[in-house]
Structure formats: structure tokens, C-alpha cells
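Values in this document were obtained by computation on a predicted structure and should not be read as measured data. Letters go in sequence order (proteins before strands), and every chain restarts at 1. Computed over heavy atoms, backbone and side chain alike; hydrogens, waters and symmetry mates excluded.
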There are 2 protein chains.
Amino acid sequence: MSENRHDWLNDRWVIFAPLRSDRPDEFAARVQEPSTSHRCPFCIGREHETPPAILTLNTSGVKGRSRRWQVRVVPNRYPALQAGEARSSSNDEAYEQVALPSSFDSYTSTSLKTSVAIDVMKRRPVYGAHEVIIESPQHVERLTDLTEEESLLVFEAYRERLICLRADDRLAHAVVFKNVGAEAGASLSHSHSQLIATDFVPSDVARTCQRLVESYEQHEQHFFEQVIDHELHNGERIVFESRHFVAYTPFASIVPYFVCVVPKTRESRFEDLDDERLVEFNGFARILLQALEKILPKTAYNYILQTCPFDGGWDQVFHWRWELFPRLTKAAGFEWGTMCFINPVLPEHAASQLRRAIEEIQG
Amino acid sequence: MSENRHDWLNDRWVIFAPLRSDRPDEFAARVQEPSTSHRCPFCIGREHETPPAILTLNTSGVKGRSRRWQVRVVPNRYPALQAGEARSSSNDEAYEQVALPSSFDSYTSTSLKTSVAIDVMKRRPVYGAHEVIIESPQHVERLTDLTEEESLLVFEAYRERLICLRADDRLAHAVVFKNVGAEAGASLSHSHSQLIATDFVPSDVARTCQRLVESYEQHEQHFFEQVIDHELHNGERIVFESRHFVAYTPFASIVPYFVCVVPKTRESRFEDLDDERLVEFNGFARILLQALEKILPKTAYNYILQTCPFDGGWDQVFHWRWELFPRLTKAAGFEWGTMCFINPVLPEHAASQLRRAIEEIQG
């Protein structure tokens with residue numbers, strides 16, 4: 001029987017339909033392999049094929065623009081947003097590049113009842129940053145192919161760049177994410193992450209923040225703390241725990257094997273993690289990725305680092321989190337038409353499989 | 001330069017980034033062909049592989065359950081929702097199948113500030129219908145492979161089933177959609193559509209309806225009428241027009257070549273179309289599909305028929321619409337993390353290409 005579960009934070013119902021996964025699929029299970037003839041622009045020796053580095057890190061922990069690098073952050077050559085590298089101080093020249101051209105027209109209805117016109121065709125130039133975090137000079141395809149020391153540099157790079165972009169007054173929000181495999185939206189197979197910072201807070205993020213405020217006002221407890229209390233007490237959706245972090249499969253996960261990692265005590269920003277906890281988080285994330293890859297070998301996945309928007313004043317309610325989800329199901333007409341998702345795998349089942357995989361890994 | 005456009009109805013910003021489409025793609029442009037060895041359960045002679053028909057239509061227009069059929073509607077064998085075929089009168093036996101089992105627990109925080117507790121783990125059994133509209137007894141893969149008379153039966157079947165499901169008091173919402181190609185979420189290549197009806201209105205649909213109310217209260221004009229007025233006056237996003245319908249590429253389209261078709265004068269329900277306008281709509285939809293297939297041969301696509309929810313009292317504001325969109329871009333980490341979309345093709349450009357394709361088709 002199908003069950004409906006409410007994702008309170010996003011205010012959406014998810015339909016759990018275990019029977020769905022039995023259906024035949026003429027197109028099934030062919031992993032799209034990258035074309036091997038492609039010259040990879042992220043490999044060592046091809047640095048000239050990407051814009052100059054914003055940041056490089058190497059295993060001895062020394063930052064700089066030296067030629068020797070382990071992690072290299074560059075502006076995306078095909079950016080979703082422009083203005084090059086965001087700067088920590090206001091830069092009038094860069095800002096002028098995105099000033100409103102006179103050809104931009106704004107449409108406002110002429111038949112207004114009140115003075116508050118709804119502008120149905122609002123447009124604006126957008127300022128932001130789109131960066132690529134190249135995770136290794138070698139052509140590795142998975143973060144888990146790196147040593148623990150090497151992958152730590154990747155998370156260090158996230159922290160470093162978020163701190164730097166947050167200092168740019170024009171930016172309002174940033175998200176770090178990773179697309180692994182064609183099904184997850186990757187266009188290159190060389191292990192990399194991306195960061196997109198925008199001069200506005202995306203509406204859905206703002207709505208979610210507003211719900212966090214609402215939840216706190218109702219319960220005098222923060223939303224994720226309330227959820228974690230329940231999950232730790234109940235246990236069936238807990239995947240893994242360390243001193244400061246906990247991983248669970250959310251009650252109303254929109255896709256199979258969705259995993260959410262949060263600090264046990266609320267912290268608003270990933271980029272405020274100290275070195276010790278960054279090391280702990282690196283180990284934690286590695287284990288989860290290994291477990292996912294063990295259960296679902298070669299499956300495409302995404303992860304997203306949700307940290308507090310720079311603007312909006314949500315520091316007192318935000319709880320940063322790392323969301324990991326394989327791309328097993330495809331959003332089709334129903335999902336796009338309603339934003340109501342159909343998930344064929346119960347999160348309790350997913351958590352139990354992930355726990356078993358972690359036990360085996362830790363042997 | 002990137003431009004930000006606001007989709008007022010869904011309250012989300014879309015980033016238009018024309019440079020994005022130039023980026024290299026190691027995984028590019030391989031159309032996933034269906035496995036030919038697969039025995040198709042939708043072909044004539046294999047009716048026993050699907051549940052018994054709910055409705056069959058043939059080209060002479062006669063409804064019935066006869067063996068001869070051109071369009072055949074069956075319950076989905078792997079349903080997202082159950083309770084079999086929805087019935088037009090309340091049916092206690094069917095309803096009991098989805099009654100709340102005693103093992104369902106509901107979690108409510110014990111530390112409430114007010115009496116209005118937020119239930120963060122709300123769950124319920126879900127009642128609904130999930131039907132498949134098989135569009136031909138022959139193994140055709142595109143609606144446009146059918147004759148005009150044959151495809152009319154497909155839209156007739158939508159109308160018929162929507163009318164029938166709307167009569168079921170337990171149902172609150174229904175959406176008809178079509179997934180063509182693996183990238184669009186199809187698991188079988190035989191031309192078919194689907195219908196999902198639920199006993200709740202999906203939150204995003206309800207939010208959109210609420211925005212329609214708000215827009216009307218502000219402007220004393222309905223949202224889509226206001227948009228169409230502007231689009232027809234401006235012209236650059238208009239794709240096609242007939243006596244009663246207009247197709248345009250929305251100002252803040254979330255994906256490239258997104259096309260929206262609406263009746264020029266507001267009507268809340270597709271299923272209330274009379275025969276004459278159903279014929280007009282069939283011809284209209286066929287031309288758009290042909291144009292899309294001409295510009296983007298073999299590209300996967302979805303279409304969605306958004307008709308007024310059965311519940312909620314939105315008949316006075318809803319404007320039914322048919323949304324068509326190819327699956328050229330993939331929602332990746334950024335999009336899933338923010339619900340903010342990056343579209344590399346401006347709708348003005350898409351409309352101009354589609355207009356040219358239609359001119360060529362119409363010779």
C-alpha cells in the first residue's frame with residue numbers, strides 16, 4: 001500500500017510506493033561511461049585550459065598559487081553567473097559590467113486595483129560567482145579514490161571559498177554541490193565540485209528559512225534538533241553517528257537513499273567549522289560515500305552543502321547540512337507538474353542497508 | 001551576461017546563462033534507445049499482461065470494452081497509488097483498504113509553546129488512481145506517428161477519465177502527463193500517457209492556485225489573461241495561435257524550449273472542452289509536437305496537462321494549461337539544492353526557432 005509522508009520543512013507530500021520499483025524498464029541500468037578520447041581540462045598539465053586559479057591547496061596544507069597543487073579552485077569557464085571571481089571588497093568596475101542596460105524593460109499591468117502592482121515580468125542582471133573545485137591533479141573520478149588527507153583538502157577548499165565569498169557584500173547566498181555521473185548532471189568525469197554564489201537568496205531557500213523560524217517559535221526548539229532527537233530515539237532511520245555529526249535518511253525523503261548529515265548541535269554555517277571538526281566531517285562524509293558506492297556501485301549521485309544564506313538574518317535558526325542522494329529515479333511529468341515525488345524505497349529500508357554497508361566497511 | 005527572471009506564479013528566479021550551452025560534455029548526446037528484445041506489454045495481443053481496461057476507444061468513436069481498440073486505458077500495474085480504479089460513488093470496501101493501520105504512529109513534539117503543534121512526521125495512507133493511456137495497438141513511439149483522428153482519441157481519453165475521476169468524492173486532484181524517452185522518465189517506449197489522481201492537492205499546486213487568487217485580487221484580471229495580453233502584444237515569445245488557443249514560451253521558463261498552451265479566454269478545466277474545441281486542441285498540440293521534434297529530433301520530452309484541482313474551490317481562478325518541455329538539461333546539485341534553475345536558452349530564441357519550424361511544417 002502506498003503511504004503519504006509530509007516533508008514539513010519544504011511543505012510537500014511524498015508518496016512512498018514500494019511496488020513501483022518492480023516495474024519493467026526497457027531503458028534500464030546502462031551506466032553512461034565518459035568518452036575516453038576526451039582530453040580532460042582538469043588534469044595536471046592542462047591548467048591553461050581553465051581560467052587562472054582562485055585558490056590552490058596542497059597536501060602540506062600550504063595555500064598559494066604555486067604550480068604544485070592537490071586541490072585547485074577556478075572560475076567556471078562556462079559560468080551560470082558572471083563577474084569573474086567575487087572580491088571581498090566592493091569593486092565598481094566589476095559591478096558596472098552587470099548594471100541594468102537600458103534595453104531591459106519591465107512590464108507592469110496598467111489595470112491595477114491597488115498601488116501594489118504585481119510585476120509578472122520582473123528581470124534583473126544577476127551578479128555572482130560560479131567556481132569549480134578540482135579535487136585532484138590526477139584523473140580520479142570519485143572523491144573516495146583520494147586519501148583521507150587529500151579529501152580533507154576538498155572540504156578545506158569549500159570552507160575557504162565560502163568564507164571569502166561571504167565577505168563580498170554583494171552576495172546573498174552560496175551553495176557547494178557535487179555532481180557525479182551523467183545522470184547527476186555532470187559533464188566531466190574528473191572528480192570535482194562546484195560552488196555557485198548569487199546576489200539573491202533563492203525563493204525556496206528563503207521559504208525554508210522562514211519555516212525554521214516558524215518551527216522555533218512554535219516549539220522553542222530548533223527544527224533539526226527536534227528531528228534529530230526523534231531520530232536518535234527511534235533509531236530506524238539513523239545511518240551513522242560520530243561525536244559531533246549524525247546521518248539519517250529523512251522521514252519524507254524525496255528520492256531513494258537520500259541521506260542528510262547535520263551537526264548534532266545547531267550551527268548555522270559549514271564554513272565556521274574548526275580544523276578538528278573539519279577532520280571529523282571529512283572522515284564522516286567518506287564513510288557515507290563508501291557505503292553508498294558499496295550498495296549502488298557506479299550509480300550517479302549529487303551532494304549539496306546547505307549553509308546559512310549570507311543575507312536574510314537567519315543565523316539564529318539555520319542548521320547547516322550536507323545532503324547526499326543517488327540518482328536512481330527520474331523526475332518525470334508527474335513530479336515536474338506537481339513537485340510531489342514518488343519514492344519507491346522507504347527511508348527505514350535505505351538506512352538499514354546503509355548501516356550494514358558501513359559495518360562491513362569498518363569490518 | 002547572465003540575466004535573472006522571476007517566475008511570479010511559482011515565485012522562483014530563473015538564471016538565464018547562454019554561455020552555459022557551449023561547455024564540453026564527455027557524456028553528450030547519446031540517445032538511449034530502448035532494448036528491442038523487450039516484449040512490449042502495451043502491444044495488441046498482449047492485453048493479458050496489463051490489468052483489465054477501464055476504458056477503450058476506437059476510431060469510430062464508440063466507447064466500450066470491446067476487443068477492438070485504438071486507445072486503451074488501464075490501471076498502472078506498478079502504481080504510485082492504489083485502490084484500483086477510482087469509482088464514481090463512494091465505495092466503503094475500497095476505502096477500508098487504505099484505512100489508517102494501528103502501526104502508523106504520529107510524532108508530535110512534547111515541548112510545545114502553543115497548542116498548535118507542528119507535526120514534523122505526519123503520515124497517512126494515500127488513496128488515488130494511477131492509470132496508463134495506451135495510445136495505439138501498434139508499437140508506435142510518438143504521438144505524432146498517429147493520424148489526426150487517432151491522436152484525437154488520446155485527448156478524448158484524457159477528457160473522459162478526468163470527468164470520471166472528478167466524480168469520485170474522495171479524489172482532490174488529477175494530472176495527466178506524458179514521458180517520452182528514458183531521459184524524460186519513460187520506462188516503456190510504446191506511446192502512452194499517464195494519469196495520477198490523488199486524495200490531496202499537492203502543496204505546490206495549492207500554492208500556485210493561491211497566487212492566482214492573489215493576482216486577481218490585485219489586478220481584477222486573471223494572471224494568465226494578463227500574461228497572454230502582454231505576450232500577444234509583445235509577440236517575441238509567441239509560438240503559435242489558433243482561434244481559441246495560444247502557445248508561448250514563458251518569460252521565466254525553467255528549461256530550454258518550454259512551451260505553455262492556454263485557452264485565450266480563461267477556462268478552469270480541460271475536461272470541460274466541447275468536441276469542437278477538443279478537435280482544435282488536438283491539431284494544435286500535434287503541430288507543437290511536430291515542431292519540437294523537427295528542431296530537436298529524438299529528444300526526450302514531457303508534457304503535463306494542468307487542470308483545476310477537484311477540491312479547493314479554485315474554479316473561479318484556475319486557467320487550465322498544457323505544458324511541453326524537452327529534457328535537454330539535467331537538474332543537478334544546484335537546482336535540487338535551491339530549486340533555482342539555470343536555463344541556457346532564452347525563451348525569445350526558442351520561440352523564434354519554433355515559429356520557423358511551424359512555418360516549414362505548414363509549408
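Only the side chain of A:E231 comes within contact range of chain B, with at least one heavy atom under 4.5 Å from a heavy atom of that chain. Only the side chain of A:N179 comes within contact range of chain B, judged by heavy atoms closer than 4.5 Å. Only the side chain of B:Q306 comes within contact range of chain A, judged by heavy atoms closer than 4.5 Å. For chain A, no part of B:Y301 is nearby; none of its heavy atoms comes within less than 4.5 Å. In this structure, the portion of B:T198 lying under 4.5 Å from any heavy atom of chain A is its side chain and not its backbone. The contact between A:A331 and chain B is made by backbone and side chain atoms together, counting heavy-atom distances below 4.5 Å. Contact annotation for B:A184: only backbone heavy atoms (N, CA, C, O) come within less than 4.5 Å of a heavy atom of chain A. Only the side chain of B:N302 comes within contact range of chain A, judged by heavy atoms closer than 4.5 Å. When heavy atoms are compared at a cutoff of 4.5 Å, B:A206 does not approach chain A at all.
Here the side chains of A:H173 and B:T338 are in contact, with some heavy-atom distance below 4.5 Å. Using a 4.5 Å cut-off on side-chain heavy atoms (C-beta onward), B:D11 and A:R207 make contact. Looking only at side-chain heavy atoms (C-beta outward), A:F334 and B:V175 come within less than 4.5 Å of each other.
Of the residues listed (A:F177, A:Y303, A:F258, A:F341), the one engaging B:W336 in a ring pair (Phe, Tyr, Trp, His ring centres under 6.0 Å) is A:F341, and it is the only one.
Of all the heavy atoms in B:G185 and A:A332, the pair that sits closest is CA-CB, 4.0 Å. B:K122 and A:F251 make their closest contact through O-CE2, 3.4 Å (heavy atoms, listed as atom of the first residue, atom of the second, distance).
Here the side chain of B:S2 pairs no donor or acceptor atom with the backbone of A:V126 at under 3.5 angstrom. The backbone N or O of B:R124 lies less than 3.5 Å from no partner atom in the side chain of A:N4, so there is not a single donor-acceptor pair.
Counting heavy-atom pairs under 4.5 Å between each of B:I196, B:V176, B:I254, B:T208 and chain A puts B:I196 at the top. Taking chain A as the reference chain and counting heavy-atom pairs below 4.5 Å, the highest number among B:K178, B:E335, B:R327 is found for B:R327. For the set A:D7, A:I15, A:L195, A:N10, the entry with the most heavy-atom pairs within less than 4.5 Å of chain B is A:I15. In terms of heavy-atom pairs under 4.5 Å with chain A, the best-connected choice from B:A252, B:C340, B:S203, B:P250 is B:S203.
For the atom pair NZ (B:K330) and NZ (A:K330), the distance works out to 8.0 Å, reported to the nearest 0.5 Å.
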